[in-house]
Amino acid sequence: MDKQTNLENAQARIAEASDQAVLADLERELLGKDGLLGQQLKEIPSLPPPERGPAGRAANELKAALTAGLLARAAELAEADLAADREGVGFDATLPAPPVERGSLHPITKVTRRLVQIFSSMGYHILDGPEVELDWYNFEALNIPADHPARDSQDTFYCDEEGRLVLRTHTSPVQVRAMERMAPPFRLVCPGKVFRHENTDATHEHTFHQMEGLVVGKDISVGHLVGTMKTLLRGIFGKEIDVRLRPGHFPFVEPGFELDARCVFCESGCRVCKGTRWIELLPCGLVHPKVLEAAGIDPSEWSGFAFGLGLSRLVMLSHGIDDVRHLLGGDLRFLEQFSC
Amino acid sequence: MLISMRWLGRHVDLSGIDPEQLALDLTLSTAEVEGVERFAPYLSDVVVGHVLEREQHPDADKLSICKLDVGTGETLQIVCGAPNVAAGQRVAVATVGTVLPGDFKIKKSKIRGVHSMGMICSERELGLSDEHDGIWVLPGKPTIGAPVAEALGIDDWVLEIDNKSLTHRPDLWGHRGVAREVAAILDRPLLPLDTSLPELGGADPVEVRVVSPACSRYIGLSIDGVGEGMTPDWMRGMLLATGQRPIDLLVDLSNFVMGDLGQPNHAFDRDQLAGDGILVREAREGETLVTLDEVERKLEPADLLICSGDKAVALAGIMGGQDSKVQQGTGRLLLEVACFEPVPVRRTSARLGLRTDSSARFEKHLDPTLPLKAAGHFARLLQEVQPDVTFPASLADAGDWSDPACEVPLNPDQVRRSLGVGISDEEMSALLSSIGFRVQANGEALTVSVPSNRATKDIAIEMDLIEEVGRLYRYGNIPERHLTGALVPPPVDHRRELAESCRDLLAGGARFHETLSYSFQSDALHKMLGLDGESYVSVINPVQEGSARIRRQVLPSLLGLLEPNRRQRDEVRLFEIGKGYLPEQASERGEPGEVHELALAFCRARQSDTAFDEGCLPRLMAVVQDLLGSLEFHEQQFVAVKQAPVSWLHPVRRVEVRVGAGDGACVGFVAELDPGLAAPLGIDGELVSDTAVASISLDALLEQERSGGSYNPLPRYPGFKIDVAIVAPEEVPARDLSRVIEKAGKGNAKDLVIFDLFRGDQLGAGRRSLAYHLVLQSDKKTLTDKDAQSFLRRLERGLGEIGAELRS
């Protein structure tokens, strides 16, 4: 095929160029230094002078036309590429990439943080105390005298025959320690590990986590306790939760209550609330005057309330965990479910 | 405890009261009711049948053919396999179509060729008890054809009260006590109950001597002329409903009085007692007693005994003795109604594993005025059934007791302040009166007389009365209020803050998983790690043998988690922040020293071809380094140590972590485990792993200064990248090489990274090559090729001084 024919059907070839690469080749062939048009331009000086002007003009016109054709085709091809890309051929939303690996925080840590955040925002001190505790702080100062059933070795781990040192059975001893060195008014919560002498199975564990709270001030009433517990539950569950107080007996409070919360898992009774629509959530009450006295606080001047929240139980409730032993079992298949 | 509504009805009118509502009321005002159930619901579906005839089945030795009247006018034929069926009996009949427990529907059947139109039921078949030796022969003469429940008067509802919610309320361990609460809640009167003693004869009472403080009162009532008598149906029904098996009149009566008033009591056969009276004393070393359950009990001096003369006849407050028990034909009784101290009863019953309805009540500080009432109640009930009984002697009443009834002042303003509700004086007086307290106005204050049944260990101070007012007022009627007070931010707890930061950093960027483990560590683990010789805080009553020790350090707790987790995962990254206890650092008061530790374990399936910087140990070191840096402990170094911080680490591949200026202070270690531990830890064989561990003392870290990282101005002049490879003797540590590079750079050598480590024959034995990326950059001018050349010359000189060289 001669040059002329190539140039004459150039526009047609441009229009047929199937992709950008073919088009780029074509551009080189047509407009490159050694391309067809280039050769045509090179021939101009050898033409007789009168022909040179028209030939030059013709060549330039042709060049402009080809350039425009190439650009137009390039734009078409680019548009077609985008359109093809937009078709998303081969996309499978269910085809996974390797998961992002993370670490995790223990669910007890997470729930503790949530509660600490709520209580900190209300001006509570967050306190820590020893897990191996003096009998005085764990029992005696909390109005649990020597012959009380809670002090039986079936319930408490003792560290010596004299019964001076125990594994704390609750975190309330931290409160007694705090009362000794702090002057009222104060508000505090003590999260931590506690121990009860118990054989373990799916629902029993000798080591678990609790958070006990104490408020001491002027004229602290049952109404304040109810208000605080409702605020707490709003913070935990993110919505208004009905509560009810009913009589409950604990040596360190008087009066003492069990606080039930409306079951958040059902509308008409479920396994968690055993069909009652109420979940027994936390023991609480007004601090027994003897407890204030034992810590050197004058009960005629000050009063307070105390409550105990089972962190392990709260974690199990909120995640539907069916075996308490998972909490301290250290099984990655469990822990990984609480990635941060 | 089980409470029968029918039984309650003897003390308070319950007409029109819904059982569920009553349960809720009790829960909110008194004690938690855990369940409400209709008593033996199947008893309403079976009818009373009268066995008219019984004859032997012609083709089966053990079967009887019975003809029964079930009140329909037609005679019903039933084939029955029970050995005790006989003509004349009234029995429970399930007619065709009746559904019994277990969804068992009665159908017409043919048994060995004889038609049978129903079933005569045993107690078990009706869900009443486990009794299945024969059919249930109905007591008395119940109406033929009527539903059994109705005919026997045992149509009932049973409330189950949580015993734990009654620990401080001895008065609620009987129906009358519960009825008192119900009457107050429903605002209906508590019906009167005559518990006065009937007329007593003038004979001398049985002599009673109490020589132990564990018995505060002992009443002995002599009863004569006891004949064979049936327990009244109504009483049997109530006992059945509350889970007591009716046995015979005297046992049933004893149980009924206990269930009614909450006062345990015990009847002895007076003829089996020696002549010289009753002695209440503590047991002697080595003494034994065969109790009613025919078990020989080995006694200890703390156990309290009832003795006839000197011979033990009962374990006080727990169980009677086998020898003196009342039997068929016992005509002369000694009724014991006593008051025993809670603690000895609890200790003995716990030690012997013998908890009875009686011991459960004595553990609760019973009212010492109650025994007299219970004796009167027993005597009157017995008289109702057997009008011929007599009480020949005056009452024996021994013991050093006093009436606990007391007066407690109550300030009405304090009630309002404590409850946070504006309840009036009159209202609170009415509430207290409703449960038998007497209230007198005394100027501004009130004086409340607390009856003896509430004054034993329960009501003693004003707050106790406030509780009574509050619960009867209903806590639910108290409006919620918010705390007010000065807004003082709580002080910062640095240790908590540090621990929380560690958790975030490790679980975040480092991708470690937080675990919490038991504070107990097993002797076996300590032995394996060579930690047996340390001193530990130990519990004297471990749940598991060999797990009495409380950990001194957290890290060993993680080691036991490696094997089970490695079975599931190729890589295990765990951390725990916890406490350890050191007995040798005990305070004067005896509190052991407490340490706070961050422990890390990194365990990975062994890889054949690991790059020099991808081993577990360097990776864990990098994690710790990053952690400390992020916590703003910028001056830190890892120092190889000869002296092991703990014995179970690799003898060489271990470093001490030092933080602070100069040499810094040791805050912990990072190390590989001693290779000998792989097998005992179970991470060998198919689980063969590389393991690095770290322990950081939070206490030591808190003593170190933290400094906010300083800002480096952004570079103003371009730098250029340059790679150098250095061949050096093995013993020259990489850190020394880095220092030489930095020195040669005169402050301009930045961003040093080792990207290759190479050993090979061409380098010569004992030599290795380290390759570095670095950037040459000055903050004063743009560096040129000439500067690079002089840097390399200085570097070459510097390396020469330590026996190293640039590798071209």
Side-chain angles (χ1 to χ4, degrees), chain A residues 101-106 108-109 120 123-126 128 130-132 134 147 149 152-153 157-161 164-165 167 185 193 197-199 206-207 215 217 219 221-224 226-228 230 244-249 254-255 257-258 286 288-289 303 328 330-333 335-336 340, chain B residues 27-28 30-32 165 167-168 343 346 417-421 461 463-464 466-467 470-471 475-476 478-483 485 487-488 490 493 496 503 506-508 510-519 537-541 543 550 561 564-565 568-569 572 579 581 589-592 594:
Chain A
E101 251 200 278
R102 296 174 168 216
S104 61
L105 288 176
H106 197 281
I108 294 283
T109 296
S120 294
Y124 283 64
H125 294 223
I126 316 299
D128 181 51
E131 291 161 10
V132 179
L134 293 174
D147 60 1
D152 277 355
S153 58
F157 286 110
Y158 281 94
C159 299
D160 53 6
E161 295 290 346
R164 265 165 41 85
L165 210 54
L167 299 190
K193 200 189 236 184
H197 195 274
E198 189 134 40
N199 286 310
H206 57 62
T207 304
V215 169
D219 295 334
S221 72
V222 176
H224 291 122
V226 177
T228 304
K230 290 196 78 167
R244 67 174 193 190
L245 284 187
R246 51 188 173 79
H249 179 68
E254 187 69 46
F257 319 112
E258 289 282 2
L286 297 188
H288 199 290
S303 56
L328 299 186
D331 188 327
L332 278 172
R333 294 170 298 171
L335 299 172
E336 282 164 354
C340 52
Chain B
T27 294
L28 293 179
T30 307
E32 186 184 5
S165 70
T167 48
H168 62 307
V343 177
R346 194 180 80 234
R417 272 200 300 273
S418 291
L419 295 180
V421 75
I461 58 172
M463 281 313 280
D464 298 330
I466 293 175
E467 168 162 45
R471 68 184 181 85
Y475 297 123
I478 296 173
E480 70 176 280
R481 297 167 67 178
H482 290 289
L483 291 170
L487 280 174
V488 186
D493 179 343
R496 172 173 299 280
R503 288 190 173 102
L506 291 171
R511 302 180 296 121
F512 271 61
H513 298 278
E514 185 187 20
T515 184
L516 297 173
S517 40
Y518 297 99
S519 298
V537 174
S538 296
V539 298
I540 57 174
N541 53 337
V543 162
I550 302 300
L561 301 176
N565 278 312
Q568 308 296 336
R569 300 282 183 268
V572 177
K579 303 183 184 196
Y581 288 91
R589 296 195 294 184
E591 302 141 290
E594 182 180 87

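What you see is a predicted model; the values in this text were computed from it and never measured. Sequence lines set the chain letters: A, B, ... in the order given, protein chains first and strands last, and positions in each chain run from 1.
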Q: State, to 0.1 Å, how close A:Pro130 and B:Glu594 come at their nearest heavy-atom pair, and which atoms those are.
A: CA-OE2, 3.1 Å

Q: Specify the closest pair of heavy atoms between B:Leu419 and A:Ser221, including all atoms of both residues, with the distance to one decimal.
A: C-CB, 3.8 Å

Q) Of the backbone (N, CA, C, O) and the side chain (C-beta and beyond), which part of B:Ser538 lies under 4.5 Å from a heavy atom of chain A, both, or neither? A) backbone

**Q.** Partner chain A: residue of B:Leu28, B:Val343, B:Val488, B:Leu483 with the largest heavy-atom pair count (under 4.5 Å)
**A.** B:Leu483

Q) Atom CZ in B:Arg569, atom CD in A:Glu336: separation rounded to 0.5 Å? A) 4.0 Å

Q. What residue, out of B:Val543, B:Leu487, B:Asn541, has the most heavy-atom pairs lying under 4.5 Å from chain A?
A. B:Asn541

**Q.** Partner chain B: residue of A:His197, A:Arg244, A:Glu258 with the largest heavy-atom pair count (under 4.5 Å)
**A.** A:His197

Q: Starting at NE2 of A:His106, measure out to OG of B:Ser517 and round the result to the nearest 0.5 Å.
A: 9.0 Å

(Q) With a 4.5 Å cut-off on side-chain heavy atoms, are B:Glu514 and A:Leu335 touching? (A) no

Q: Please examine the side chains of A:Cys159 and B:Val539, heavy atoms only from C-beta on, and report whether any two atoms are closer than 4.5 Å.
A: yes

Q) At their closest point, which heavy atom of A:Ser104 faces which heavy atom of B:Ala507, and how far apart are they? A) O-CB, 3.5 Å

(Q) Within the 4.5 Å heavy-atom criterion, are A:Glu131 and B:Val537 side-chain neighbours or not? (A) no

**Q.** chain A contact via B:Val572 - side chain, backbone, both or neither, heavy atoms under 4.5 Å
**A.** both

**Q.** Most chain B-contacting option - heavy-atom pairs closer than 4.5 Å, from A:Glu101, A:Glu198, A:Arg164
**A.** A:Glu101

Q. With respect to chain B, which residue among A:Val132, A:Thr207, A:Val215 yields the maximal number of heavy-atom pairs within a distance under 4.5 Å?
A. A:Val132

Q: Could you check A:Leu167 against B:Ser519 for side-chain contact (heavy atoms from CB on, under 4.5 Å), going step by step and ending with a plain yes or no?
A: CA-CA 10 Å; A:Leu167 299 190; B:Ser519 298; over 6 Å; no

Q: Please look at B:Arg496 and chain A and tell me whether the side chain, the backbone, both or neither of the residue comes under 4.5 angstrom of a heavy atom of that chain.
A: side chain

Q. Is there a donor-acceptor contact under 3.5 Å from the side chain of B:Asn565 to the main chain of A:Gly330?
A. yes

(Q) Less than 4.5 Å to any heavy atom of chain A: does that hold for the side chain of B:Tyr581, its backbone, both, or neither? (A) side chain

Q.
Let me confirm one number: the CG-OG1 distance from B:Leu516 to A:Thr109, rounded to the nearest 0.5 Å.
A. 5.0 Å

Q) Between CG of A:Leu245 and CD1 of B:Ile478, what distance do you get to the nearest 0.5 Å? A) 7.5 Å

Q: Can you measure from OG1 (B:Thr27) to CZ (A:Arg246) and round to the nearest 0.5 angstrom?
A: 6.5 Å

(Q) Using heavy-atom distances under 4.5 Å, tell me whether B:Arg589 contacts chain A through its side chain, its backbone, both, or neither. (A) both

Q. Are A:Ile126 and B:Asp493 close enough that some pair of their side-chain heavy atoms sits under 4.5 Å apart?
A. no

Q. What are the two closest non-hydrogen atoms of B:Tyr475 and A:Val222, and how far apart are they?
A. CD2-CG1, 4.5 Å

Q) Do A:Asp219 and B:Arg481 meet the salt-bridge criterion of a basic N to acidic O distance under 4.0 Å? A) no

(Q) I want to check something: taking the side chain as every heavy atom from C-beta on, are A:His288 and B:Met463 in contact at a cut-off of under 4.5 Å? (A) no

Q) Rounded to the nearest 0.5 Å, how far does OG1 of B:Thr515 lie from CD1 of A:Ile108? A) 11.0 Å

Q) Among A:Leu286, A:Asp331, A:Thr228, A:Asp128, which residue forms the greatest number of heavy-atom pairs with chain B at distances under 4.5 Å? A) A:Asp128

Q) Among A:Pro289, A:Ser120, A:Ser303, which residue forms the greatest number of heavy-atom pairs with chain B at distances under 4.5 Å? A) A:Pro289

Q.
Report which part of A:His206 has an atom under 4.5 Å of a heavy atom belonging to chain B: side chain, backbone, both, or neither.
A. side chain

Q: Could you have a look at B:Gln568, B:Arg471, B:His513 and say which one has the most heavy-atom pairs with chain A under 4.5 angstrom?
A: B:His513

